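Here is the structure we will look at, set down as structure tokens.
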Amino acid sequence: IGTGKIGGKAAGVLLAYKILQNTAPEIFDRISLPRSHFIGADVFYDFMAANQLEFLNQKYKTAEQIRDEYPKIQGKYATARFPEEIAHQLREILREAGRTPMIVRSSSLLEDNFGMSFAGKYMSVFCPNQGTIKENLRDLTLAVRQIYASVFGPDALMYRRHVGLLDYDERMAILLQEVQGERHRQYYFPALAGVAYSYSPIVWNPRFKREDGFMRLVMGLGTRAVDRIAGDYPRMINLSHPQLRPDVTPKAIRYYSQHFVDALDLEKNILTTVPVESVLGSDYPPLRWLVSVDDGETVHLPLTISRSIDPSQLILTFDGLLQRGSFVPLLKTVLSRLQQQYEQPVDIEFAVSLTPESGTPKPKLNLHLLQCRPQNQFNSDSREIQSMPTDLATQDKILLCTRMVPQGRVSQIEYIVYVDAQSYYNLNSLEDHVEVARCIGQLNSALEGHPFILVGPGRWGSSDSMQGVPVTYADIFNSRALVEVASTKSGFAAEPSYGTHFFQDLVESQIYPLAVYPDEPGDHLNLDFIEQSENQMPKFVSEQTNASHCIKVI
């Protein structure tokens, strides 16, 4: 539709599909692309010209100005008019699609490229498509306008500044795809969705092989696999030993599992989140490959699937599929063939359909390829193993982490920006938590050119501010490491975010995410050093607020 290029995300998925067609004929009959339409990148400029939307110098403003002015830009885009000839073509697509849900995805010229990926910087919007043609067209064009506006968002502009792409042409094309999935009760979702990496960014067991890859897997729409969501966990799978998990007790397996499913509610015409019990039942055909039964003493595969099965005893472990199906070998083949042709590690997003086949215990499996991009952070330089000094006195160690540590090296650190857990959790309101994030953003600008690391409670970048400081990429991009302090004293334990878009942003920018568990053997955080050091904060941020009392600059 329209003219111009189809953008990086659309090109990446088409390229990957072609590579698999040519290099993996033995599995190609089980791989498909969603039915897709492309809005060319030139339409973005036509749209801006028709509505006199000129924000081209936005990228040269300070981070604070960009953040403050972005809501106004979003408002102007939301009310702008769509070119009639483009709207007419979109109307025809909607007629053809009928009531099949669609997803509107960004596909900018710079996205998913070699050297930078822009993971999570721009929006994707689901359109359930259950209204009249007129209503569906209104929702669809609004989704496109929201994605167009995100070109001027703080995360995207700060990322472009950070990787030296500020003056490159960043036109936005749009990839319009039918959502992969099936209807179950009133909901529409795929049996499985996830992200997979040909080179594992993280290992938690010495038996794992990084080069065999890693995946985050969820039931339902893949949103829960790529974002950090408080209190909910995708299954993290190292493909060299897919059945080994970080947690082993039934209580831990239940706690670190997926408790909610993202789906499209076809009756209410919205994207929604529902508890897993409300969709799990003997009437869901793929159930036996997705769940295990928690009988109070052990977690095991279900012996039979009958009407009497109690949804509250079921846990989403995907063990049936990982132990017996062809899923893991299929995924490993896909990743290895793509990596060979890209000549560097890749990551993909995918959805999976599972259809029971009579006479066989294994399901018919179809992998829908949704995205493919280079794993830019894992070039050969970053894989060099560093040796740790063994003769340091305890008081000379500031922190020591032993779990799921990424590979990398940061030297000559000048500053530590420390957020105190007790002070942070004692703040009164969400506004105060946001103020802490704003302060971190100011320090991020002030410390540019001075290598520094951030140390704070819980989960950096969480959307739930009681889980950790709600920063975004634009607040932290100059830091060199992001250390999450998991302490039972505050009542909040950090949990790994490995494989999320937030994590990819960090590692790709060579900002290393670490989690330190100071109350547990092996890990160490030198609180004496932190408490006794003089606070340099007033040098960098002149105005002192409630929130800034939580932060210490050392």
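Not measured: the values here are computed from a predicted model.
- For Arg210 (side chain) and Tyr199 (main-chain N/O), no donor-acceptor pair under 3.5 Å exists by modelled atom type.
- When the side chain to side chain donor-acceptor pair (under 3.5 Å) test is applied to Ser465, the partners found at least two apart in sequence or on another chain are His433.
- To the nearest 0.5 Å, atoms CG (Leu314) and CD (Glu277) are separated by 8.5 Å.
- Checked by atom type and distance alone, the side chain of Ser240 pairs as donor or acceptor with a backbone atom of Lys209 at under 3.5 Å.
- Contact annotation: the side chain of Pro363 never approaches that of Pro356 to less than 4.5 Å [non-hydrogen atoms, C-beta and beyond].
- Here Leu192 contributes atom CG and Leu316 contributes atom CG; the two are 9.0 Å apart, rounded to the nearest 0.5 Å.
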For this session: Mind running salt bridge (charged side-chain N to carboxylate O under 4.0 Å, His left out) on Asp420 and Lys552 for me, showing each step along the way?
Result: CA-CA 8 Å; Asp420 179 67; Lys552 188 168 194 177; over 6 Å; no
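- Across every non-hydrogen atom of Leu33 and Leu369, the tightest pair is CD2-O, 3.5 Å.
- For the pair Asp523 (side chain) and Thr402 (backbone), a donor-acceptor distance under 3.5 Å is present.
- Expressed to the nearest 0.5 Å, how far CD of Gln375 lies from CG of Leu335 amounts to 9.0 Å.
- Put simply, the side chain of Tyr188 gets close to the backbone of Val179: a donor and an acceptor are under 3.5 Å apart.
- Side-chain atoms of Ile398 and Ile416, non-hydrogen and from C-beta on, do get closer than 4.5 Å to each other.
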For this session: Begin from the C-alpha positions of Arg373 and Ile348 and carry the test side-chain contact (heavy atoms from CB on, under 4.5 Å) through to its verdict.
Result: CA-CA 7 Å; Arg373 58 179 160 231; Ile348 64 168; over 6 Å; no
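- His184 places no side-chain N or O within donor-acceptor distance of the main-chain N or O of Glu182, the cut-off being under 3.5 Å.
- To the nearest 0.5 Å, atom CG of residue Leu217 and atom CD1 of residue Ile237 are 4.5 Å apart.
- Counting heavy atoms of neighbouring residues, nucleotides and ligands inside a 6.0 Å radius, atom CD of Glu297 does not exceed 12 of them.
- Within the 4.5 Å cutoff, side-chain heavy atoms of Asp232 are placed close to those of Gln258.
- Checking Ser353 against Gln180 by side-chain atom types alone, no donor-acceptor pair falls below 3.5 Å.
- For Cys127 against Ala143, the heavy-atom pair with the smallest separation is SG-CB, 4.2 Å.
- Counting only residues at least two apart or in different chains, ring pair (Phe, Tyr, Trp, His ring centres under 6.0 Å) contacts with residues 296-330 are absent.
- Atoms NZ and OG, on Lys364 and Ser326 in that order, are 11.5 Å from each other to the nearest 0.5 Å.
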Exercise. Leu321 and Leu354: side-chain contact (heavy atoms from CB on, under 4.5 Å), yes or no, with the steps?
Worked result: CA-CA 10 Å; Leu321 192 72; Leu354 299 174; 3.9 Å; yes
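- Taking CD1 from Ile309 and CG from Leu280, the interatomic distance works out to 9.0 Å, rounded to the nearest 0.5 Å.
- Comment: Glu349 does not engage Arg216 in a salt bridge, judged by the lack of any side-chain N to carboxylate O separation of less than 4.0 angstrom.
- Within the 4.5 Å cutoff, side-chain heavy atoms of Leu454 are placed close to those of Ser479.
- Side-chain contact between Val352 and His368: absent, with no pair of heavy atoms (C-beta onward) separated by less than 4.5 Å.
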Exercise. Passes ring pair (Phe, Tyr, Trp, His ring centres under 6.0 Å), Tyr159 versus Phe477? Steps please.
Worked result: CA-CA 8 Å; Tyr159 182 79; Phe477 62 88; 9.5 Å; no
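- Across every non-hydrogen atom of Thr298 and Pro250, the tightest pair is CA-CG, 4.1 Å.
- A salt bridge links Asp283 with Arg185: the closest approach of a Lys/Arg side-chain nitrogen to an acidic carboxylate oxygen falls below 4.0 angstrom.
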For this session: Applying ring pair (Phe, Tyr, Trp, His ring centres under 6.0 Å), run through Phe189 and Tyr284 and close with a yes or a no.
Result: CA-CA 12 Å; Phe189 57 90; Tyr284 185 55; 5.7 Å; yes
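- Here the closest heavy-atom approach between residue Ala225 and residue Val195 is recorded as O-CG2, 4.1 Å.
- Look at Arg105 and Glu111 and you find no salt bridge, because none of the NZ, NE, NH1 or NH2 atoms lies under 4.0 Å from a carboxylate O.
- In this structure a side-chain-to-backbone donor-acceptor pair under 3.5 Å is missing from Asp347 to Ala196.
- The shortest non-hydrogen separation linking Arg254 to Ser312 is NH2-O, 3.0 Å.
- Remark: Arg35 CZ is loosely packed, at most 12 non-hydrogen atoms of other residues, nucleotides or ligands lying under 6.0 Å away.
- Side-chain rings of Phe208 and Phe214 stay apart, their centers remaining 6.0 Å or farther from each other.
- Of all non-hydrogen atoms in Gln371 and Lys9, the two that sit nearest each other are NE2-CE, 3.4 Å.
- The backbone N or O of Asp319 lies less than 3.5 Å from a partner atom in the side chain of Thr317, making a donor-acceptor pair.
- Counting only distance, with no hydrogens or angles, the side chain of Ser292 and the backbone of Ile315 share no donor-acceptor pair below 3.5 Å.
- The shortest side-chain heavy-atom distance between Tyr342 and Leu15 falls under the 4.5 Å cut-off.
- In this structure, the side chain of His259 engages the main chain of Tyr255 through a donor-acceptor pair within 3.5 Å.
- Using a 4.0 Å cut-off between a side-chain N of Lys or Arg and a carboxylate O of Asp or Glu, Asp475 and Arg67 qualify as a salt bridge.
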Exercise. Hey, mind stepping through Thr100 and Asn129 against side-chain contact (heavy atoms from CB on, under 4.5 Å) and telling me if it holds?
Worked result: CA-CA 7 Å; Thr100 305; Asn129 260 0; 5.7 Å; no
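- Residues Pro285 and Thr355 fail the side-chain proximity criterion, which asks for heavy atoms closer than 4.5 Å.
- A salt bridge links Asp212 with Lys332: the distance from a Lys NZ or Arg NE/NH1/NH2 to an Asp or Glu carboxylate oxygen falls below 4.0 Å.
- Applying the side chain to side chain donor-acceptor pair (under 3.5 Å) rule to pairs touching residues 261-273 yields Gln186-Asp265, Thr223-Asp262, Arg224-Asp262, Asp262-Thr273, sequence neighbours excluded.
- Counting heavy atoms from C-beta outward, Tyr418 and Ile551 have side chains that stay 4.5 Å or more apart.
- A donor-acceptor pair under 3.5 Å is absent between the side-chain atoms of Gln340 and the main chain of Leu338, judged by distance alone.
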For this session: Before giving the answer on side-chain contact (heavy atoms from CB on, under 4.5 Å), spell out for Val469 and Arg459 the whole-Å C-alpha distance, their side-chain angles and the decisive distance to 0.1 Å.
Result: CA-CA 7 Å; Val469 185; Arg459 296 162 52 160; over 6 Å; no
